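Working notes for the structure below.
Chain A is the first sequence line, chain B the second, and so forth, proteins listed ahead of strands; every chain is numbered from 1. The shown structure was predicted, so the numbers you read here are calculated from the model rather than taken from an experiment.
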2 protein chains.
Amino acid sequence: MGVTIHDVARAAGVSVASASRALSGRRKVTPEIAERVSRAAAELGYQPNAVAKALRDRTTGTIGMIVPGIGNPFFTTIVEAVEHQLQETGRDLLLCASQYRPDVEARRLETLLARRVDGLIISPCDIEASVPAVLNAARRVPLVQVDRHIEGGGADWVGVDDDSALAQAVGHVAAGGARTVTFVGSRLMNSSARSRLSGFERAAARAGVNATAPLLGEFTLEWGIEAGRLLLLDGETMPDAVVCGNDEIAVGLVRALRAGGVRVPDDMSVVGFDDVGHATMCDPPLTTVRQPVEEMAAEAVRLLGQVRVSDPRPAQRIAIAPRLVVRETSRPVAAGGANGTEMGRGTA
Amino acid sequence: MGVTIHDVARAAGVSVASASRALSGRRKVTPEIAERVSRAAAELGYQPNAVAKALRDRTTGTIGMIVPGIGNPFFTTIVEAVEHQLQETGRDLLLCASQYRPDVEARRLETLLARRVDGLIISPCDIEASVPAVLNAARRVPLVQVDRHIEGGGADWVGVDDDSALAQAVGHVAAGGARTVTFVGSRLMNSSARSRLSGFERAAARAGVNATAPLLGEFTLEWGIEAGRLLLLDGETMPDAVVCGNDEIAVGLVRALRAGGVRVPDDMSVVGFDDVGHATMCDPPLTTVRQPVEEMAAEAVRLLGQVRVSDPRPAQRIAIAPRLVVRETSRPVAAGGANGTEMGRGTA
DNA sequence: GTGAAAGCGCTAACAA
DNA sequence: TTGTTAGCGCTTTCAC
């Protein structure tokens, strides 16, 4: 346990400096020394101590990431994509979940900073309460927000273009003949909830459809079911279509509607949001807006490399346009012939 | 950027040693010094450097975890549970995905070791190919396997009791009247695939039901669908029930069967395995064996604290008994009255 | 091209 | 109780 570069140097009969140079290969050494050192290292089973290197280099090769919850398949997918991106450059991911609680989030941010991560990727759980901790962290280390973000635009962000997303969703159901559309989403404590609702309202106005009062709860299956029941309750004012804030809501909604005798998509079209995990699993397969997760992750990591804490520049906001994936919970367009599109990506 | 304990000491007019002692609170200092130091620290915005501390203490407060893929909801759930456990003791999680590839796994193991994690929790992707890397890692640092494990019992393990699980599943369908049962699982490159199949065979023998040739593919929805088609193909030898290696397979299977005109559970009972995420989402809700994920995580972390690399003791194997959750894809027992049980845990 | 030595930030002997 | 100092393992000047 614990063979150091000194041991290697001694075994190879050279100074630690030469051993270091030979091992890193970043500076010239005679071939003979290079040979002796690498042989000694192999024989002793030498493994460089990344902690010492980090102290010396003042960089850890580690990126911290905080998401509200790993249980949510959407965040999982982002984490996976980020992990994948980082691996390309030999960096590792220090992962934390804030459990949707700003106090936990702030604490985790502190420990990540203490561990001297080289950068931070975060999806802040609360649009207001997360502000101080996120801003403070951004002052110390490159930080980019992904998906959710704090209000005020004080830090870089990459996410989906909710306006484009909702325009596609609303446009699609309108093309299928819907005249009255309801949005079922989450209460407005996070940025996604807000921008999706406002995106919906703009899109409805533009498409000339009648937007009824939105139903706002949680990003959960349970809320989807409850929203479905709410819709069934006052049956006379049923919309022709429902656009949901995420797939979980949509799946719950579809189930509740069918249980209540409403046929989907014949009586009502339902569109989800995310297209990770659940969408293909459910029956019938969900028409939904696919989040460009892989691109978002790549963009976030790229952005991270550009941020310089020392010389702050105006915060960047990168909104990536998503794509509507038409499956079987929405009515085909009037002309006919809308058919399900297969997912390109497996569920791992 | 970079106020050190020296800065704090100077500002407080004391030595670094006193500053360190005051800050850690682990040794006696006069109240006055304690006061001056903590005030100085607060004013300067001092934040201890965990890297330096780690180098000095030869312990990082960090646990490495490697799972085959974060995309798989089962592994996600374990990761979440482990993260939760670790947080209780102020430790952080360094997360990696092996992408189901032994070579990637070995490489990630190396970097985790280089980062001097205090321990390792791993679900080795391949029962054979993962052996050398896992054994080597176990020699350097406390290591416990969770869920999957390598052959030969060279390292501690905690997972589900597959024998008990399959006995419950087979017993349940047998009680519902099934005489012929098929197992649909994964090819035998990982321990779970193997022990579930053998558990199934033992359980079938014990329950006196006729086990037809197992169908072995992947742990995916797609394979479930394909297996369903296979079953439909030679319709005359259809089993009364199918027990699946995980929920994804089960969901795919149910969908394929229904598409082929087979009613579930009236014509055939289907039982899944895992009960994370998908099981409640699908329609009808899946009868499945619930993995005791939270307990597994707690046990793994506890075990990690007991392992001493210096004095190896016989490897522990902890198999936790799971519970069958009866929902709506299986026929009620002859006497009648099997009804769905709600999940206690949300999908975050 | 190679070696000696300083120093990254911290804590724990060891002295005073 | 407090201060001085060594040293965790590494890389990189700075001389030679």
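With a 4.5 Å cut-off on side-chain heavy atoms, B:Glu80 and B:Phe75 do not count as touching. The shortest side-chain heavy-atom distance between B:Val160 and B:Glu295 does not fall under the 4.5 Å cut-off. Side-chain atoms of A:Glu105 and A:Pro124, non-hydrogen and from C-beta on, do get closer than 4.5 Å to each other. Contact annotation: the side chain of A:Lys53 never approaches that of B:Arg115 to less than 4.5 Å [non-hydrogen atoms, C-beta and beyond].
Residue A:Ser15 holds its OG atom at 9.5 Å from NE2 of A:His6, rounded to the nearest 0.5 Å. The distance from the OG atom of A:Ser191 to the CD1 atom of A:Ile150 is 10.0 Å, given to the nearest 0.5 Å. Once rounded to the nearest 0.5 Å, the distance linking CD1 of A:Ile122 with CG of A:Asp147 reads 12.0 Å.
Near DNA chain C, defined here as any heavy-atom distance below 4.0 Å, the residues from residues 37-49 of chain B are B:Tyr46, B:Pro48, B:Asn49, listed numerically. Of the residues in residues 6-23 of chain B, B:Val14, B:Ser15, B:Ala17, B:Ser18, B:Arg21 come within less than 4.0 Å of DNA chain D through at least one heavy atom, sorted by number.
Rounded to whole angstrom, the span from the CD1 atom of A:Ile33 across to the C1' atom of C:dG3 amounts to 10 Å. One can place CG of B:Asp57 at 16 Å from P of C:dG9, the figure rounded to the nearest angstrom. At whole-Å resolution of the value, CZ in B:Arg115 and C1' in D:dC10 are 15 Å apart. Rounded to whole angstrom, the span from the CZ atom of B:Arg26 across to the C1' atom of C:dA12 amounts to 11 Å. The CZ-C1' distance, from B:Arg56 to C:dT11, rounds to 4 Å in whole Å.
With sequence neighbours left out, B:Arg26 forms a salt bridge (Lys or Arg N to Asp or Glu O under 4.0 Å) with no residue at all.
Regarding contacts with the backbone of D:dT11, every side-chain N or O of A:Ser24 stays at 4.0 angstrom or more from both OP1 and OP2. When the side-chain nitrogen and oxygen atoms of B:Arg116 are compared with OP1 and OP2 of D:dC8, none of them lie within a distance under 4.0 Å. For the OP1/OP2 pair of D:dG9 and a distance below 4.0 Å, the side-chain nitrogens and oxygens of B:Arg58 include at least one atom meeting the criterion.
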Handout entry: Stepwise side-chain contact (heavy atoms from CB on, under 4.5 Å) test for A:Ile78 and A:Met65
Key = CA-CA 10 Å; A:Ile78 296 200; A:Met65 182 162 186; 3.7 Å; yes
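Ranked by how close their nearest DNA chain C nucleotide is to the 5' end, B:Arg27 and B:Leu55 are led by B:Leu55.
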